[in-house]
2 protein chains.
Amino acid sequence: MSDAQAPEKRRAPVKEGKGSKEGEERHEAIYRAVSDAIVEQRLKPGARLREDALADVFGISRTGIRKILQRLALEQLVTLTPRRGASVTRPTADEAKDVFDARQLIECGLMPDVARRMGEKEAAELRDMAREERQALRSGQQSVAIRLSADFHVRLAQLSGNATLAEFVERLCSRSSLILAVYGHPGHLGCESHDHDDLIGYLEAGNGERAKAFMSRHLKAIEASLSMVEEAESAPDLQQIFGG
Amino acid sequence: MSDAQAPEKRRAPVKEGKGSKEGEERHEAIYRAVSDAIVEQRLKPGARLREDALADVFGISRTGIRKILQRLALEQLVTLTPRRGASVTRPTADEAKDVFDARQLIECGLMPDVARRMGEKEAAELRDMAREERQALRSGQQSVAIRLSADFHVRLAQLSGNATLAEFVERLCSRSSLILAVYGHPGHLGCESHDHDDLIGYLEAGNGERAKAFMSRHLKAIEASLSMVEEAESAPDLQQIFGG
DNA sequence: CGGCTATTTATTGTATACAGTCATTGTCTC
DNA sequence: GAGACAATGACTGTATACAATAAATAGCCG
């Protein structure tokens with residue numbers, strides 16, 4: 001090769017085979033990892049998410065982390081304050097009310113459409129999800145159960161055939177998980193364990209109105225199970241820790 | 001100045017006084033500029049948005065542009081294909097149906113709440129917006145009128161007091177503007193010019209149910225005014241331009 | 001002359017370096 | 001001893017440089 005006149009020039013810093021083709025999926029995986037960690041309360045509301053730390057953990061640079069953080073911010077799972085960085089969103093009581101009101105309007109309104117499109121295969125899939133949720137609850141993994149419950153509601157909304165509304169429901173459910181994590185009672189999950197099974201029954205029978213009414217009560221029950229007391233702010237945990 | 005030993009070295013790239021403190025507002029302004037350009041059809045569906053070009057136009061680096069593009073992508077105003085870059089979203093007929101179904105559900109469901117919270121000041125503000133919209137329409141600026149109509153619907157939703165649902169309506173209205181730009185008839189704006197005034201009347205009278213029914217008809221009328229024929233794809237505009 | 005392949009070019013994806021700002025801590029003064 | 005101010009450190013905001021890839025074009029072979 002006659003162009004080998006600059007042997008000192010460092011070669012391509014290709015780390016491994018994964019140049020950047022799989023970067024898309026990797027980013028998606030990291031996004032989901034962080035999202036799940038937030039929803040399952042392994043990252044508690046108020047927790048700071050430093051870019052360097054995340055970049056270090058996941059082995060990519062800050063650029064990719066920022067992208068993910070911005071997406072999470074737009075979904076309101078993390079709060080992005082101008083020069084302070086990112087932190088897990090701590091939902092306020094007002095926001096909680098808005099979210100559950102929105103779920104009332106959208107999810108209930110979707111039930112007739114879902115009932116119309118419900119078939120055997122869909123019902124079976126939903127029953128599987130409901131069973132998995134019960135199982136998680138029985139084995140004491142409440143945080144996991146909260147996420148699985150959200151997954152159930154999202155899948156339901158997707159069955160309506162309206163992708164736009166399903167996406168809205170997805171975001172509302174993520175935020176609901178956060179709200180449950182903050183305002184829910186430790187021992188008591190909002191969703192009664194067989195509520196979802198009953199709902200599937202109504203839907204499978206094609207009874208949209210019945211399902212709508214049931215969903216309304218279901219959501220009201222979850223909201224009613226919350227204790228709307230503001231918990232400690234970000235810092236003064238010390239008071240509580242040392243007993244004053 | 002004893003440190004003038006390296007006159008060739010380019011100084012700190014501080015362009016002007018605006019180091020980075022006003023960067024927030026600048027980004028927001030650029031975001032709105034692009035968003036408005038899309039909604040007002042100055043950037044037509046399918047148009048490619050190259051990062052370099054945008055960075056050059058707005059005088060910031062690609063980093064900031066990417067951030068804005070990602071935000072627009074999450075709002076589904078631009079489509080981001082993996083290695084092809086960003087382009088203005090070309091809504092499909094299915095998406096259009098989803099969007100208008102979603103508006104039916106959400107905006108109609110919001111009317112009772114809006115009627116309950118409607119006061120004189122709010123009604124006056126809305127009337128001003130409606131008048132401005134009529135004015136734009138009369139002066140032939142149809143694209144501007146579409147955007148103003150969207151603003152009206154968004155403001156209405158904000159008056160419901162539910163910030164979450166108002167944000168959803170905002171996104172739906174942006175997408176609706178895009179849909180109108182693609183599928184609407186050139187001479188005929190979906191919204192009848194005094195529809196909005198009539199609606200304000202019902203709301204001011206506290207008649208939420210009447211307003212709800214009217215909004216439903218209003219949205220149906222807009223949707224019905226669309227001609228759901230797929231236009232030319234992204235490239236073959238040439239066919240149309242040169243008359244085949 | 002048409003279709004296929006190789007090269008080139010244009011554009012995005014990613015990392016890194018640098019500068020600015022906020023918070024915290026340490027010190028000095030009242 | 002307490003409060004204010006200054007210095008230091010940590011973290012984010014932004015730009016730029018480099019590598020990879022897909023599109024476009026030119027060349028070649030059939």
Side-chain angles (χ1 to χ4, degrees), chain A residues 1 3 6 8-31 46-73 78-88 233-236 238, chain B residues 3 6 9-31 46-73 78-88 233-236 238:
Chain A
M1 305 311 180
D3 56 8
E8 299 275 341
K9 196 165 275 179
R10 54 204 172 287
R11 211 65 52 86
V14 208
K15 297 183 178 182
E16 290 168 282
K18 47 178 178 186
S20 68
K21 178 152 46 180
E22 314 169 17
E24 287 298 320
E25 306 165 12
R26 176 129 190 78
H27 275 48
E28 187 67 21
I30 296 174
Y31 160 78
R48 295 195 48 173
L49 302 171
R50 285 186 302 106
E51 297 177 351
D52 277 338
L54 289 173
D56 198 31
V57 166
F58 290 109
I60 66 175
S61 121
R62 276 179 52 214
T63 311
I65 295 295
R66 287 178 69 89
K67 194 165 107 183
I68 291 166
L69 248 28
Q70 276 165 29
R71 178 168 165 195
L72 288 166
V78 314
T79 302
L80 224 53
T81 54
R83 307 262 162 195
R84 299 297 317 279
S87 60
V88 179
E233 288 297 313
S234 43
L238 299 174
Chain B
D3 56 5
K9 195 166 275 181
R10 49 204 176 290
R11 210 65 52 86
V14 209
K15 297 182 175 184
E16 291 166 282
K18 46 178 176 184
S20 67
K21 176 151 49 180
E22 313 169 16
E24 289 298 321
E25 305 165 13
R26 176 130 191 79
H27 275 46
E28 188 67 22
I30 295 174
Y31 161 77
R48 294 196 46 167
L49 303 171
R50 285 187 301 107
E51 297 177 351
D52 276 338
L54 288 172
D56 198 31
V57 165
F58 290 110
I60 65 174
S61 120
R62 277 178 51 213
T63 312
I65 295 294
R66 289 178 66 90
K67 193 166 106 183
I68 292 165
L69 247 30
Q70 276 165 31
R71 179 169 165 193
L72 288 166
V78 314
T79 302
L80 225 51
T81 54
R83 307 261 164 197
R84 300 295 318 280
S87 60
V88 179
E233 288 297 314
S234 44
L238 301 174

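Computed from heavy atoms alone, side chains included, the values below leave out hydrogens, waters and symmetry copies. Every chain is numbered from 1 and lettered A, B, ... according to where its sequence line falls, protein lines coming before strand lines. Bear in mind that the values here come from a model prediction, so they are computed numbers and not experimental data.
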ask   = In Å and rounded to the nearest 0.5 Å, what is the CG to CD1 distance from A/Leu72 to A/Ile65?
value = 10.0 Å

inquiry  = Just the rounded figure in Å: distance from C1' of D/dT12 to NE2 of B/His27.
reply    = 13 Å

inquiry  = It should be established whether B/Ser61 places a side-chain nitrogen or oxygen under 4.0 Å from OP1 or OP2 of nucleotide D/dA15.
reply    = yes

remark   = d(B/Arg84 CZ, B/Thr79 OG1) to nearest 0.5 Å is 12.5 Å

message = Without decimals, in angstroms, what is the distance between B/Gln70 CD and C/dG13 C1'?
response = 11 Å

ask   = Rounding to a whole Å, what distance do you find between A/Glu25:CD and C/dG13:P?
value = 15 Å

Rounded interatomic separation in angstrom, taking CD1 from A/Ile65 and C1' from C/dG13 = 15 Å

query = How far does CZ of B/Arg66 sit from CD of A/Gln70, to the nearest 0.5 angstrom?
reply = 10.5 Å

request  = Mind calculating the distance between CZ (B/Arg66) and P (D/dG13) to the nearest angstrom?
outcome  = 17 Å

ask   = Quick one: is A/Arg62 getting a side-chain N or O under 4.0 Å of the C/dT16 phosphate, OP1 or OP2?
value = no

Under 3.5 Å between N/O atoms: give me all the protein pairs with nucleotides 5-11 of chain C, atom names plus distance.
unit_1: C/dT11; atom_1: OP1; unit_2: B/Arg50; atom_2: NE; d: 3.3

task = State, to 0.1 Å, how close B/Ser87 and B/Gly46 come at their nearest heavy-atom pair, and which atoms those are.
result = CB-O, 4.1 Å

query = Nearest to the side chain of B/Thr63 - D/dT14, D/dA15, C/dT14?
reply = D/dA15

note = Heavy-atom closest pair (A/Ile68 atom, A/His27 atom, distance to 0.1 Å) is CD1-O, 3.8 Å

task = Rounded to the nearest angstrom, tell me the gap between atom CD1 in A/Ile60 and atom P in C/dA15.
result = 6 Å

request  = Let me know the distance between CZ of B/Arg26 and P of C/dG20, rounded to the nearest Å.
outcome  = 18 Å

task = Take atom CD1 of B/Ile68 and atom P of D/dG13, then tell me their distance rounded to the nearest Å.
result = 14 Å

N/O donor-acceptor pairs under 3.5 Å from side chains in residues 52-61 of chain A, not counting sequence neighbours:
unit_1: A/Ser61; atom_1: OG; unit_2: A/Thr63; atom_2: N; d: 3.1
unit_1: A/Ser61; atom_1: OG; unit_2: A/Thr63; atom_2: OG1; d: 3.3

